[in-house]
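Residue numbers run from 1 in the order of the sequence given.
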Amino acid sequence: MKDVIIWDVCYISALHLSIPSAKKLFLSDLNLEAVKIDAPGLEELHIGSIMLHDVELSNSFELNTGKLQKLDIMELGEHTPISLRDMHNLLYSNPGLKVLEIECFDIAKLEITDEMCPAVTELSITGCASDYCISCYHLRYLDIKGDCIDPDVYDKQRCISVSGHELQTLEIHQLPNLVNIKLFCSKISSFSLCENDFGDNVSIPKHQTRFILGQETAIGSFMITNIKPERIDCSLKNEIIDFRLNNCHLTDDELTTLISNDLAIKNLTLLKCDELKCLSLENTSLEDIIISRCDSLQEFSLECPLLKSLRLKANKLLDEMVEMKEVIATMKKKYPLLKVYLIP
């Protein structure tokens, strides 16, 4: 047998299997009190709901593997059948694991380290945890999703710390109340952060998010949506090529603090930041600014000596063309090479 699927079988209470030749094993929707499986050649394992009501499997869960390439755990938590200890045992016994998918429930701290997963390249986490600490040298793709947690109900403050030399893509979605995100990576090609995916009709986040960048951390594309960033702690070595702020509820002073001279940013996009009235920026790295649908924006105060392009899209300010022409003329005197594009 290469593939073994045991799913929605209601008349067994214990599962004892010896499947040395199996490559894939799928377990889910089982009312079990004990599990003992010997599968030394297993490469893919999916564990779904395998519990009897009010019975924990933590003391009666035994799984012998050693060659797993992919592990998918659907119910991980402090009060679920699969405990953190069970997962850690699986990780330590399968050092060649490449892909790890976890759905967690009410975990205080979820920690995945290079010692546990020395070969993992893809990690996906959904569900509910307060703190995330991910440190995997070869990790290339990390997705953390809160699974539609209602920010009005869930009020715990969250922190995320990520360390990975080879990390390329980082996605964090639907995690309300993020107060700290720490990144200790070399270069991240794409970083997307969104509190929720419910469009424009969202409430202002309860907490501001602080970003801490390691000394060598550089980000290619960094997009923040429906999050209110507080500040970015960084050094002169940090760089963001393309920085996009979408519906971020930032005031003039908050944006000025966020886009500081300490942070090297080449391209800045502001989309639907309706609380902005005066765009006041002082940054020696900025080359391109795009402003779209920031309907309260009325003034500009830019100290950006490398600025080459300013694009204004669908802003109410464009309706006042006389005032806008005066603003553009003033900026062009200051920056002769500046090109301004007005896009209705």
Would you please name every residue forming a salt bridge (charged side-chain N to carboxylate O under 4.0 Å, His left out) with E303, sequence neighbours left out?
-> K334

Regarding [X] and [Y], do their side chains bring together a donor and an acceptor under 3.5 Å, going by distance alone?
| X | Y | result |
| --- | --- | --- |
| D253 | T256 | no |
| T251 | E254 | yes |
| N267 | D242 | no |
| S189 | Q168 | yes |
| N94 | T65 | yes |

Report the C-alpha distance between V35 and L63 in whole Å, list the side-chain angles of each, state the deciding distance to 0.1 Å, and finish with yes or no for side chain to side chain contact (heavy atoms under 4.5 Å, CB included).
-> CA-CA 8 Å; V35 175; L63 183 57; 5.8 Å; no

Distance-only, no hydrogens or angles: does the [X] side chain make a donor-acceptor pair with backbone N or O of [Y] under 3.5 Å?
| X | Y | result |
| --- | --- | --- |
| D252 | K277 | yes |
| T209 | P229 | no |
| S93 | N89 | yes |
| Y341 | I290 | no |
| T217 | L183 | yes |
| S186 | H165 | yes |
| R158 | P176 | yes |

Evaluation steps, side chain to side chain contact (heavy atoms under 4.5 Å, CB included), between L123 and Y141 | CA-CA 6 Å; L123 174 58; Y141 174 80; over 6 Å; no

Linking I/L/V/M/F/W/Y whenever their side-chain heavy atoms sit closer than 4.5 Å, directly or via other members, would [X] and [Y] fall into one cluster?
| X | Y | value |
| --- | --- | --- |
| L268 | L338 | yes |
| W7 | V4 | no |
| L84 | L97 | yes |
| M331 | L255 | yes |
| F26 | L30 | no |

Is it true that D233 and R210 have a side-chain N and a carboxylate O under 4.0 angstrom from each other?
->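 A salt bridge is present here (some side-chain N lies under 4.0 Å from a carboxylate O).
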
Decide, yes or no, whether a salt bridge links R293 with D274 under the criterion of side-chain N to carboxylate O below 4.0 Å.
->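 D274 and R293: not salt-bridged.
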
Any salt bridge (charged side-chain N to carboxylate O under 4.0 Å, His left out) involving residues 128-143? Give me the pairs, sequence neighbours left out, ordered by first then second residue.
-> R140-E166

Roughly how far, to the nearest 0.5 Å, is [atom2] of [Y] from [atom1] of [X]?
| X | Y | atom1 | atom2 | value |
| --- | --- | --- | --- | --- |
| I73 | L45 | CD1 | CG | 7.5 Å |
| E282 | S280 | CD | OG | 8.0 Å |
| I232 | I259 | CD1 | CD1 | 6.0 Å |
| K36 | S18 | NZ | OG | 10.0 Å |
| D72 | E103 | CG | CD | 9.0 Å |
| E275 | C273 | CD | SG | 9.0 Å |

Taking every non-hydrogen atom, the tightest pair across [X] and [Y]:
| X | Y | result |
| --- | --- | --- |
| A14 | L32 | N-CD2, 4.0 Å |
| D288 | L307 | N-CD1, 4.0 Å |
| H249 | K228 | O-CE, 3.1 Å |
| N246 | M223 | ND2-CE, 4.0 Å |
| A119 | P95 | CB-O, 3.5 Å |
| S130 | A108 | CB-O, 3.3 Å |

Applying the side chain to side chain donor-acceptor pair (under 3.5 Å) test to S192, which of H173, R244, E171 qualifies?
->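 Exactly one option meets the side chain to side chain donor-acceptor pair (under 3.5 Å) with S192, and it is H173.
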
Geometric class of the F222/F211 ring pair [parallel <30°, tilted 30-60°, perpendicular >60°] =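 Geometry flag for F222 against F211: perpendicular rings.
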
Could you give me the CA-CA distance, side-chain angles and deciding distance for I289 and L281, then say whether side chain to side chain contact (heavy atoms under 4.5 Å, CB included) is met?
-> CA-CA 11 Å; I289 299 176; L281 297 178; 4.2 Å; yes

Answer yes or no: is there a side-chain heavy-atom contact under 4.5 Å between [X] and [Y]?
| X | Y | result |
| --- | --- | --- |
| L263 | I240 | yes |
| L193 | L175 | no |
| C133 | I112 | no |
| E101 | K70 | yes |
| L110 | L76 | yes |
| C185 | V162 | yes |
| L91 | L71 | yes |
| F300 | I291 | yes |

Candidate pair K272 and D295, rule salt bridge (charged side-chain N to carboxylate O under 4.0 Å, His left out), full reasoning | CA-CA 7 Å; K272 294 183 287 187; D295 292 336; over 6 Å; no

Full working for side chain to side chain contact (heavy atoms under 4.5 Å, CB included) between I265 and S285 | CA-CA 6 Å; I265 300 175; S285 303; 5.5 Å; no

Centroid-to-centroid, F191 to F243, below 6.0 Å?
-> no

Identified side-chain contact (heavy atoms from CB on, under 4.5 Å) partner of L245 from the options I227, T269, L270, T225 |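 It is L270, the one option of I227, T269, L270, T225 that forms the side-chain contact (heavy atoms from CB on, under 4.5 Å) with L245.
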
Above 12 or not: heavy atoms from other molecules or residues under 6.0 Å from CD of E115?
-> no

